[in-house]
Structures are given as structure tokens and as C-alpha cells.
Amino acid sequence: MKITAPIKEADVSIVGPSFEELKYRIDKTEVREMYERLIISTIDTSKSDYVHPAFIEFIKQMNKNDADFLNEFKGIDSLPMITLVDRVKN
């Protein structure tokens with residue numbers, strides 16, 4: 001992950017618990033990378049306002065399949081809430 005914005009001091013309420021959880025996820029590459037991105041996002045001024053301490057718990061409960069599924073949405077700006085299908089035949 002490359003930081004393009006100016007950096008700021010890391011939020012210890014996120015970085016501390018994230019490092020703690022990283023100790024137990026060292027063999028889970030996908031989940032470990034999510035913690036790493038969360039930590040980096042706390043110092044990136046363009047992303048730090050969107051980081052919340054609850055994200056640590058979300059990641060903590062994920063397994064490899066969950067992380068893979070969530071990563072499928074990376075880079076997508078918006079997702080439809082519902083898809084409407086017109087089934088009326090004229």
C-alpha cells in the first residue's frame with residue numbers, strides 16, 4: 001500500500017490492538033494484510049478519517065474465505081443495493 005497523502009501520527013487506539021492481533025494471525029496472509037492496511041490508513045491523512053476502531057473486531061472475526069470475499073470489492077466505487085429487472089412483456 002502506497003501512501004500518497006501527507007502522513008500524521010498514528011492512532012494508538014487502532015495501531016496497538018492491531019499489532020496485538022497480528023501476533024496471532026502471522027500465518028493468515030489475507031487477514032494479516034487487512035490489519036497492515038488498517039494500520040497504514042491511520043497515518044494516511046486522506047484515509048484516517050474513515051478508520052474506526054471497530055474495524056479491528058471485524059477483521060478479528062474473519063477467516064481466509066471472508067477476507068478473500070471482501071477483497072473482491074476492492075476498487076469498486078459503488079455497489080447497487082438492489083437490482084431491478086423488468087419482466088413486463090409488451
Side-chain angles (χ1 to χ4, degrees):
M1 178 180 218
K2 184 177 180 180
I3 299 175
T4 57
I7 62 172
K8 66 176 204 161
E9 187 173 327
D11 183 343
V12 294
S13 68
I14 294 171
V15 174
S18 294
F19 275 120
E20 184 68 25
E21 289 302 321
L22 274 169
K23 293 190 310 190
Y24 306 108
R25 301 297 187 111
I26 199 71
D27 61 331
K28 309 262 189 294
T29 304
E30 296 81 4
V31 176
R32 188 185 72 236
E33 288 173 354
M34 293 178 89
Y35 279 116
E36 291 169 356
R37 286 193 301 269
L38 183 63
I39 292 167
I40 291 169
S41 294
T42 66
I43 64 169
D44 184 340
T45 56
S46 69
K47 297 178 181 178
S48 62
D49 288 342
Y50 304 104
V51 178
H52 193 278
F55 294 164
I56 299 162
E57 289 301 316
F58 296 151
I59 299 170
K60 183 179 180 179
Q61 295 176 29
M62 289 184 172
N63 61 27
K64 179 191 181 315
N65 293 336
D66 297 330
D68 287 341
F69 178 76
L70 191 59
N71 280 327
E72 289 294 319
F73 295 101
K74 193 173 13 176
I76 299 175
D77 291 334
S78 63
L79 298 171
M81 292 179 60
I82 61 171
T83 302
L84 299 176
V85 178
D86 184 8
R87 295 180 186 248
V88 177
K89 295 184 180 186
N90 293 326

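Here the structure is a predicted model, which is why all the values come from computation and not from measurement.
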Visitor: Determine the sole option in Thr29, Ile56, Ile59, Asp66 for which the side chain to side chain contact (heavy atoms under 4.5 Å, CB included) test with Met34 is passed.
Guide: Ile59

Visitor: Under a single-linkage definition using a 4.5 Å side-chain heavy-atom cutoff for Ile, Leu, Val, Met, Phe, Trp and Tyr, are Phe58 and Phe19 assigned to the same hydrophobic cluster?
Guide: yes

Visitor: Report yes or no: does Ser41 contribute a side-chain atom to a donor-acceptor pair with the main-chain N or O of Lys47 at less than 3.5 Å?
Guide: no

Visitor: Apply side-chain contact (heavy atoms from CB on, under 4.5 Å) to residues Val51 and Ile14 and explain how you reach the verdict.
Guide: CA-CA 8 Å; Val51 178; Ile14 294 171; 3.2 Å; yes

Visitor: Could you report the tightest heavy-atom contact between Val31 and Lys64, atom names first, then the distance?
Guide: CG2-N, 4.5 Å

Visitor: Specify whether Phe69 and Phe73 have parallel, tilted or perpendicular ring planes, treating 30° as the upper limit for parallel and 60° as the lower limit for perpendicular.
Guide: perpendicular

Visitor: Can you find a pair of side-chain heavy atoms, one from Arg37 and one from Lys74, that are under 4.5 Å apart?
Guide: yes

Visitor: So, do Leu22 and Arg32 sit near enough that their side-chain heavy atoms are less than 4.5 Å apart?
Guide: yes

Visitor: Can you measure from OG (Ser18) to NZ (Lys60) and round to the nearest 0.5 angstrom?
Guide: 11.0 Å

Visitor: What pair of heavy atoms forms the shortest contact from Tyr50 to Phe55, and how long is it?
Guide: O-CE1, 3.2 Å

Visitor: Where is the tightest heavy-atom contact between Thr45 and Pro6, given as atom of each residue plus distance?
Guide: OG1-O, 2.7 Å

Visitor: For a quick test of reading the model, state the closest non-hydrogen atom pair linking Val12 to Pro17 and the distance between them.
Guide: O-CD, 3.5 Å

Visitor: Could you measure the distance from the CE atom of Met62 to the CG atom of Leu70? Nearest 0.5 Å is fine.
Guide: 4.5 Å

Visitor: Could you measure the distance from the CD atom of Glu21 to the OH atom of Tyr35? Nearest 0.5 Å is fine.
Guide: 4.0 Å

Visitor: For Thr42 and Ile39, which heavy atoms make the closest approach, and how far apart are they?
Guide: OG1-O, 2.6 Å

